[in-house]
Peer 1: 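There's a structure below that I have some questions on.
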Amino acid sequence: MNWEAFWNQQAEADKPTAQVGRINAGELNSEQLHIRLAAHILEQLNLQPNDQLLDVCCGNGELTALLAPKTAFCMGVDLSPKLIELAKAKHQQPNLHFSRANALQLSGLGRTFNKINLYFSFQYFEDYETGLRVLSEMNALLAPGGRIFIGDTPDATRWRQYYNSPAKIARYYYQKWRGTEAMGKFWHPKEFEKMAEWLGLEVQILPEPADLPYAWYRFDAVFVKALA
Ligand SMILES: C[S@@+](CC[C@H](N)C(=O)[O-])C[C@H]1O[C@@H](n2cnc3c(N)ncnc32)[C@H](O)[C@@H]1O
């Protein structure tokens, strides 16, 4: 899948004020959902007013813009130039910056952060090596004692709960064959543990709070880097 083309096209298809790629917001409207998700991310990252936050795969910046006021400095990066344009046009705050960057190559950002968020996006890294590379790029920018939150990742142990009928499974394999399958990879929590061990990070695998719309088939993870 060419994700840059896919997300550029989503930037035009989706409502610019909605979270990119969200199909089901549960009981909440978009604005309420963004507030709920930002509160959840803030709690998992234990965000503090002097924090330097990087939001990787920030999309149109709807969540980034809610997190920025809780930090000293906040940068959102995304692969899609069109989503970054939308984010820059809509969200202007003195401590908030958006930039086009590939999560596979973050060293060009040229600064370190003590908190890094990657929400609702890890599934687009479609094999173990690519995921490890992304986590390793984030880890390279992470200050000692810093924290990475990877939230809302489809859980491989619940793949059959998601693809729960022959028709859904057939569609999945057909789209895979055509190269149009857009759900990406269901990650196994054990793969997260293995990556953390490789990079020398502590990791906690967490169930999502039950009120979040995709809690039934996704999980969260918090990685912590030791103090030097
Ligand atoms: C479902 S959206 C989530 C956006 C945002 N995190 C949120 O929760 O609202 C997934 C985002 O991941 C971005 N993305 C996918 N692959 C990427 C990569 N290699 N580097 C940076 N961003 C990427 C897409 O452009 C898209 O904006």
Side-chain angles (χ1 to χ4, degrees), residues 1-26 28-42 44-45 53-68 74-91 96 98-109 115-138 140-141 148-154 181-187 208 212-215 217-221:
M1 175 68 101
N2 177 342
W3 290 115
E4 183 172 337
F6 177 82
W7 290 111
N8 272 331
Q9 171 242 307
Q10 283 296 120
E12 278 165 4
D14 280 4
K15 236 173 88 187
T17 49
Q19 191 192 19
V20 186
R22 174 70 63 177
I23 292 165
N24 173 6
L28 307 176
N29 66 33
S30 277
E31 200 183 332
Q32 290 165 332
L33 179 70
H34 298 163
I35 291 169
R36 175 68 188 99
L37 295 177
H40 176 55
I41 294 167
L42 183 142
Q44 297 307 315
L45 280 173
L53 172 67
L54 174 64
D55 189 14
V56 180
C57 303
C58 67
N60 58 7
E62 287 294 312
L63 301 184
T64 328
L66 293 172
L67 298 170
C74 179
M75 176 176 270
V77 297
D78 197 278
L79 183 64
S80 157
K82 289 205 173 143
L83 286 170
I84 288 295
E85 258 173 49
L86 283 177
K88 281 184 176 167
K90 182 166 177 214
H91 305 293
L96 175 59
F98 290 103
S99 180
R100 195 253 166 206
N102 190 332
L104 288 157
Q105 229 171 350
L106 295 174
S107 57
L109 299 182
K115 302 284 167 71
I116 300 182
N117 177 51
L118 191 155
Y119 198 74
F120 189 39
S121 304
F122 204 73
Q123 73 223 61
Y124 308 114
F125 307 119
E126 293 183 280
D127 56 54
Y128 180 82
E129 284 68 32
T130 309
L132 178 61
R133 197 165 140 205
V134 170
L135 186 58
S136 148
E137 287 288 307
M138 295 196 286
L141 300 185
I148 296 171
F149 179 54
I150 298 185
D152 219 21
T153 305
E181 200 288 315
M183 184 66 186
K185 174 172 162 63
F186 279 58
W187 283 82
E208 289 192 10
L212 297 189
Y214 296 158
Y217 76 97
R218 293 181 180 235
F219 68 95
D220 287 341

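Order of listing sets the numbers, starting from 1, for every ligand and every atom in it.
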Peer 1: Describe, in one word, how the ring planes of W7 and W3 are oriented to each other, choosing from parallel (under 30°), tilted (30 to 60°) and perpendicular (over 60°).
Peer 2: parallel

Peer 1: Considering non-hydrogen atoms of the protein only, which is the closest contact for atom 8 (O) of ligand 1, and what is the distance?
Peer 2: Q19 NE2, 2.7 Å

Peer 1: Going by the order shown, which atoms of ligand 1 are within less than 4.0 Å of some heavy atom of N102?
Peer 2: 18 (C), 19 (N), 20 (N)

Peer 1: Report yes if some heavy atom in the side chain of R100 is under 4.5 Å from a heavy atom in the side chain of E4; otherwise report no.
Peer 2: yes

Peer 1: Tell me the nearest of S121, P81, G184 to atom 3 (C) of ligand 1, using heavy-atom distances.
Peer 2: S121

Peer 1: Is a side-chain N or O of Q32 found less than 3.5 angstrom from the main chain of N29, in a donor-acceptor match?
Peer 2: yes

Peer 1: Please state which option from D78, L104, L79 has its nearest heavy atom closest to atom 25 (O) of ligand 1.
Peer 2: D78

Peer 1: Could you pull out, from Y124, F6, W7, the option with a heavy atom nearest to atom 26 (C) of ligand 1?
Peer 2: W7

Peer 1: For the pair E137 (side chain) and A103 (backbone), establish whether a donor and an acceptor sit closer than 3.5 Å, ignoring hydrogens and angles.
Peer 2: no

Peer 1: Could you tell me whether E62 and K90 have a side-chain N and a carboxylate O separated by less than 4.0 Å?
Peer 2: yes

Peer 1: Indicate yes or no for a side-chain donor-acceptor contact from D152 to the backbone of Y119 under 3.5 Å, with no hydrogens or angles considered.
Peer 2: no

Peer 1: Which residue owns the protein heavy atom closest to atom 12 (O) of ligand 1, what's the atom, and how far is it?
Peer 2: C57 CB, 3.4 Å

Peer 1: Does N60, backbone or side chain, put an N or O under 3.5 Å from an N or O of ligand 1?
Peer 2: no

Peer 1: Can you classify the ring geometry of H91 versus F98 as parallel (below 30°), tilted (30 to 60°) or perpendicular (above 60°)?
Peer 2: tilted

Peer 1: Check the pair V134 / F122 against side-chain contact (heavy atoms from CB on, under 4.5 Å), numbers first and verdict last.
Peer 2: CA-CA 9 Å; V134 170; F122 204 73; 4.2 Å; yes

Peer 1: Show the atoms of ligand 1 that are less than 4.0 angstrom away from any heavy atom in G59.
Peer 2: 4 (C), 27 (O)

Peer 1: Are the side chains of S80 and N60 in touch, meaning some heavy atoms are under 4.5 Å apart?
Peer 2: no

Peer 1: Considering only non-hydrogen protein atoms, determine which one is nearest to atom 2 (S) of ligand 1 and report residue, atom name and distance to 0.1 Å.
Peer 2: V20 O, 3.6 Å

Peer 1: Against ligand 1, does A101 come closer than 4.0 Å with any heavy atom?
Peer 2: yes

Peer 1: Among protein heavy atoms, which sits nearest to atom 20 (N) of ligand 1, and what does the distance come to when rounded to 0.1 Å?
Peer 2: A103 N, 2.8 Å

Peer 1: Taking heavy atoms and a distance under 4.0 Å, where does F120 meet ligand 1: side chain, backbone, both or neither?
Peer 2: both

Peer 1: Using a 4.0 Å heavy-atom threshold (strictly under), name the region of L83 that reaches ligand 1: side chain, backbone, both or neither.
Peer 2: side chain

